[in-house]
Amino acid sequence: MIGAADASRYSPDATMTNDAESSHPQRQPQSLFLPSRPMATGSQIVISNVRRGAVARWSSSLIPTTREAPKDAEVPSHVLLHRGGFIRPVGAGIYDYLPLALRVINKVADIVREEMNAAGASELLMPALEPFELFKDTKRDEAYGDNLFRVKDRKGRMNALAPTHEEVITDLMIGCVNSYKQLPLNLYQVQTKFRDEARPRAGLLRCREFIMKDAYSFHATLEGPGGLNDTYDAMYRAYTNIFTRCQLDFSAVEAESGPIGGSASHEFMVNCASGEDTILKCLKSGYAANVEKCDVGPRPGPSKGYFAGEATGTLEEHHTPNLPGIDDVAKFMKVKPENMLKTIVFKVQSSAEDLAKYGEEWVVAVVRGDHDVNEGKVRDVSGCKIALADVKEAEAKGFAIGFVSPRACVGQKGVLMIVDRDAAVGFDDAKAKSMFWVTGGDKKDYHVKHFNWQRDLGKDPLDAQGFATDKGFPVGGLRGGDKDMVVADIRNAMVGDPSPKLAGEKLTASRGIEVGHIFKLGTKYSEAMGLQILDEKQQKQTVIMGCYGIGVSRTMAACVEMSHDENGPVWPNAIAPYHVILCMLQPADAAQQQLCKQLASELSAAGVDVLIDDRDDRPGPKFKDADLTGIPIRVTLADKALAAGGVEFKLRRDKTGKGDIVAVADVVAKCVATLNS
RNA sequence: CGGGGUGUAGCGCAGCUUGGUAGCGCGUUUCGUUCGGGACGAAAAGGUCGCAGGUUCAAAUCCUGUCACCCCGACCA
């Protein structure tokens with residue numbers, strides 16, 4: 001997608017103007033062949049609005065390709081970006097962006113800017129360094145914890161290296177905006193962010209310092225023109241445009257809003273098998289969500305009712321030492337994980353007030369061994385803020401962490417047990433026979449076999465009436481409720497579950513890398529920090545906010561994960577560092593130099609970015625290096641073909657070693673046509 | 001934060017068990033021969049062996065401490 005219509009901020013005269021170069025003995029003398037510096041004609045400044053491509057020479061750039069990558073580089077994007085001379089490590093999770101990488105990043109950022117501007121947002125730039133007090137109001141110093149970089153200045157004051165800018169921009173707005181007439185506003189920046197990740201890994205995919213576009217919107221209303229929903233939808237469209245224009249294969253999925261708070265959120269994920277996040281999709285309805293958020297469609301309950309089923313044998317205790325995981329225990333006990341019950345203990349995070357009123361409270365979640373508990377769903381069903389219980393605390397309460405069974409909850413005060421629908425059964429409908437469970441033995445290093453809900457729980461499980469099959473079930477045994485046990489959907493969705501959007505459809509799974517995330521923040525920050533405006537009735541009103549992020553440097557890495565082969569990245573045209581690499585096999589040959597200049601000039605005039613490989617090296621290494629740059633088109637100038645008036649034209653994505661011989665007169669048109677197709 | 005591992009030339013590694021002049025491959029420089037998918041020959045430059053203590057006549061090697069980096073997990077806009 002290039003061409004004259006594609007206005008660009010690259011200054012066309014940024015290359016080939018190094019006067020000192022001609023005196024450098026190692027370099028080819030060269031002339032300026034881009035007469036494009038804005039020139040004064042009379043009193044008028046003429047500025048071209050046609051995009052000219054950049055032209056650069058390998059010999060005067062820094063593109064340090066290597067045959068081998070550092071041994072700690074494991075994922076493809078890390079290995080290939082290093083080998084291709086895009087990045088170099090500086091420290092753990094900190095990288096230099098070398099010229100090629102910066103060109104990719106700038107191309108992504110330019111697309112981001114164009115689409116953000118088109119969607120009505122304005123760019124600004126906030127500092128990376130913030131006084132620590134700003135984080136105190138919103139308590140995010142605690143929420144971020146050790147992930148927040150702290151910097152002490154010479155006066156002993158604490159500062160933060162910003163992981164994100166909600167506080168700074170909200171503070172800014174407090175000083176600038178006080179009327180509904182000034183809203184809505186949507187402000188963004190492209191800036192370096194800092195997070196002291198516990199474990200930086202995978203090269204650019206999880207760094208401690210990275211480049212991000214973050215946008216924040218401010219509204220007087222939720223609905224209607226200028227409301228948050230309006231801007232949120234505009235951002236959704238802008239993001240779709242951005243990643244489409246970057247020519248990435250991506251999915252927009254529903255997501256949990258996470259610790260940043262807020263009510264609705266979508267993630268934009270680059271699809272690739274090596275991604276860290278799992279996405280569940282209903283292919284027919286188009287519904288997609290991340291595992292944490294994904295809903296499960298309606299399912300029939302067990303045919304004989306919850307918990308119903310005959311015991312299959314006497315309760316046997318087995319000694320199971322040194323088996324850390326469910327799978328290990330299952331193997332040892334000779335059962336499948338789906339025949340095991342996993343019992344997870346959460347502690348209710350009570351306010352001091354609630355603690356005085358209700359005492360310590362716990363929520364125990366029971367799911368099948370092959371399922372994962374979804375903390376968000378447990379939170380919603382219990383109606384309480386919860387966190388995974390501290391092992392020592394839980395053990396003091398009588399839970400043998402690692403070996404807990406549902407029986408441990410019976411008769412305990414302030415404990416709500418939530419049993420997942422798939423765990424609350426005693427009869428296997430598929431096999432048409434009663435089933436048994438393996439559960440913890442409620443003491444260290446013991447598990448039991450043949451657990452039966454009705455026989456072995458120590459109480460009638462059918463007390464768990466009024467099954468909480470939906471979110472928002474009133475609090476059970478906690479806070480004065482009359483149930484201490486409920487059945488509900490509390491596990492992560494998984495492959496094969498019914499689609500929540502379309503009856504009869506099943507969910508499929510795929511992997512992705514998160515590159516964008518949009519949130520409806522609501523009033524979390526404006527309320528905490530006191531951002532208010534006067535509305536048309538002269539009433540004070542708390543401003544409604546949204547925020548919208550794109551990992552720019554991560555997008556570059558994700559693109560390589562999505563599109564590469566063993567020889568290097570394969571960039572899409574839209575964000576390739578250059579579009580064409582002109583590979584001179586006899587760089588000392590005067591005729592070849594002349595032709596190279598001519599082609600570069602013509603390509604540049606057509607808006608094509610050109611890298612000239614003018615190094616005096618053998619063909620083999622030059623071709624390997626060309627592949628490592630991932631530049632979409634390689635045009636090779638070599639004596640034999642040239643004698644017949646031809647050059648070689650080869651696409652990076654084509655596997656074959658050799659390209660086609662094209663007449664010199666046609667090659668520029670062919671490049672442009674290929675790039676625009 | 002828990003478990004595991006690694007620090008020796010720009011990169012990849014050997015040497016350490018059993019202390020005795022610091023090596024190999026790639027890359028780099030020079031010369032020559034090559035020249036369409038990471039060439040060949042000859043010569044050369046380049047390391048206070050992560051750092052600090054200790055043991056010893058002598059430490060890359062043994063001991064103690066420390067720092068850095070990586071992997072798995074926990075965590076995670």
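Per chain, numbering begins at 1; letters A, B, ... match sequence-line order.
- Summarising the base pairing, rG23(B) is matched to rC13(B) through a Watson-Crick or G-U wobble pair whose two defining distances lie under 3.5 Å.
- No hydrogens or angles were tested; on distance alone, a donor-acceptor pair under 3.5 Å links the side chain of Asp625(A) to the base of rG38(B).
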Go along nucleotides 3-12 of chain B 5' to 3' and tag each nucleotide: B for a protein heavy atom under 4.0 Å from its base, S when only backbone or sugar atoms are that close, - otherwise. ---S----SS
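- A gap of 47 Å separates the C1' atoms of rC51(B) and rU34(B), to the nearest Å.
- Residues passing the side chain to side chain contact (heavy atoms under 4.5 Å, CB included) test with His82(A), sequence neighbours excluded: Thr66(A), Pro70(A), Arg88(A), Pro89(A).
- No side-chain donor-acceptor contact under 3.5 Å links Glu130(A) to the backbone of Ala162(A).
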N/O to N/O distances under 3.5 Å, protein versus nucleotides 39-44 of chain B:
| from | atom 1 | to | atom 2 | distance (Å) |
| --- | --- | --- | --- | --- |
| rA39(B) | OP2 | Arg618(A) | NH2 | 3.2 |
| rA39(B) | N7 | Arg618(A) | NE | 3.4 |

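- Closest contact between the side chain of Arg201(A) and the listed nucleotides rC75(B), rG37(B), rG36(B) involves rC75(B).
- Spacing between rG4(B) and rA45(B) at atom P, rounded to whole Å, works out to 45 Å.
- Nucleic acid contact class of Glu74(A) (heavy atoms, under 4.0 Å, all strands): sugar-phosphate only.
- Across rA9(B) and rA14(B), the matching P atoms stand 12 Å from one another, rounded to whole Å.
- Annotation: rU6(B) and rG41(B) have their P atoms spaced 35 Å apart (nearest Å).
- With Phe623(A) as the aromatic partner, Arg634(A) meets the cation-pi criteria of under 6.0 angstrom to the ring centre and within 45 degrees of the ring axis.
- Of the charged side-chain nitrogens involved, at least one lies within less than 4.0 Å of a carboxylate oxygen, so that Asp614(A) and Arg57(A) count as a salt-bridged pair.
- Rounded to a whole angstrom, the distance from the P atom of rC16(B) to that of rC31(B) is 40 Å.
- rA59(B) and rG20(B) have their C1' atoms separated by 10 Å, with the value rounded to a whole Å.
- Here the separation of rA60(B) from rC26(B), taken at their P atoms, is 27 Å to the nearest Å.
- Across the P atoms, rC24(B) and rG47(B) are found 15 Å apart, a figure rounded to whole Å.
- In this structure, CZ of Arg206(A) is placed 12 Å from P of rC75(B), rounded to the nearest angstrom.
- Remark on RNA chain B: of its neighbouring residues Ala202(A) and Asp214(A), the 5'-side contact belongs to Ala202(A), judged by nearest-heavy-atom nucleotide.
- Lys281(A) and Ser251(A) share a side-chain donor-acceptor pair at under 3.5 Å.
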Please assess Asp613(A) against Arg615(A) for the test salt bridge (Lys or Arg N to Asp or Glu O under 4.0 Å), listing each intermediate value before the final yes or no. CA-CA 6 Å; Asp613(A) 184 356; Arg615(A) 296 171 302 165; 2.9 Å; yes
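- Separating the CD atom of Glu197(A) from the P atom of rC75(B) is a distance of 13 Å, rounded to the nearest angstrom.
- Counting only heavy atoms from C-beta on, Arg208(A) has its side chain closest to rC69(B) among rC69(B), rG38(B), rG36(B).
- Of the residues in residues 642-655 of chain A, those with a non-hydrogen atom less than 4.0 angstrom from any atom of RNA chain B are Glu648(A), Lys650(A).
- Because its NZ or CZ atom is not both nearer than 6.0 Å to the ring centre of Phe210(A) and within 45° of the ring axis, Lys193(A) does not count as a cation-pi partner of that residue.
- With both pairing distances under 3.5 Å, rA60(B) is matched to nothing as a Watson-Crick or G-U wobble pair.
- Applying the side chain to side chain contact (heavy atoms under 4.5 Å, CB included) rule to Glu527(A) yields the partners Thr523(A), Thr542(A); only residues at least two apart in sequence or on another chain are considered.
- Within the shown strands, rC40(B) is the pairing partner of rG32(B) under the Watson-Crick or G-U definition, both distances less than 3.5 Å.
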Check the pair Phe268(A), His517(A) against side-chain contact (heavy atoms from CB on, under 4.5 Å), reporting the backbone distance first and the verdict last. CA-CA 6 Å; Phe268(A) 289 76; His517(A) 205 153; over 6 Å; no
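- Distance CD/Gln592(A) to CG/Leu642(A): 6.0 Å, rounded to 0.5 Å.
- A salt bridge is defined here as a Lys NZ or Arg NE, NH1 or NH2 lying under 4.0 Å from an Asp or Glu carboxylate O, and Arg511(A) with Asp277(A) fails to meet this definition.
- Every residue two or more places apart in sequence or in another chain was checked for a side chain to side chain contact (heavy atoms under 4.5 Å, CB included) with Glu68(A), and none qualifies.
- Candidate nucleotides rG37(B), rC69(B), rC72(B) were compared by shortest atom distance to the side chain of Asp627(A), and rG37(B) ranks first.
- Smallest separation of non-hydrogen atoms from Gln189(A) and Glu123(A): CA-CG, 4.5 Å.
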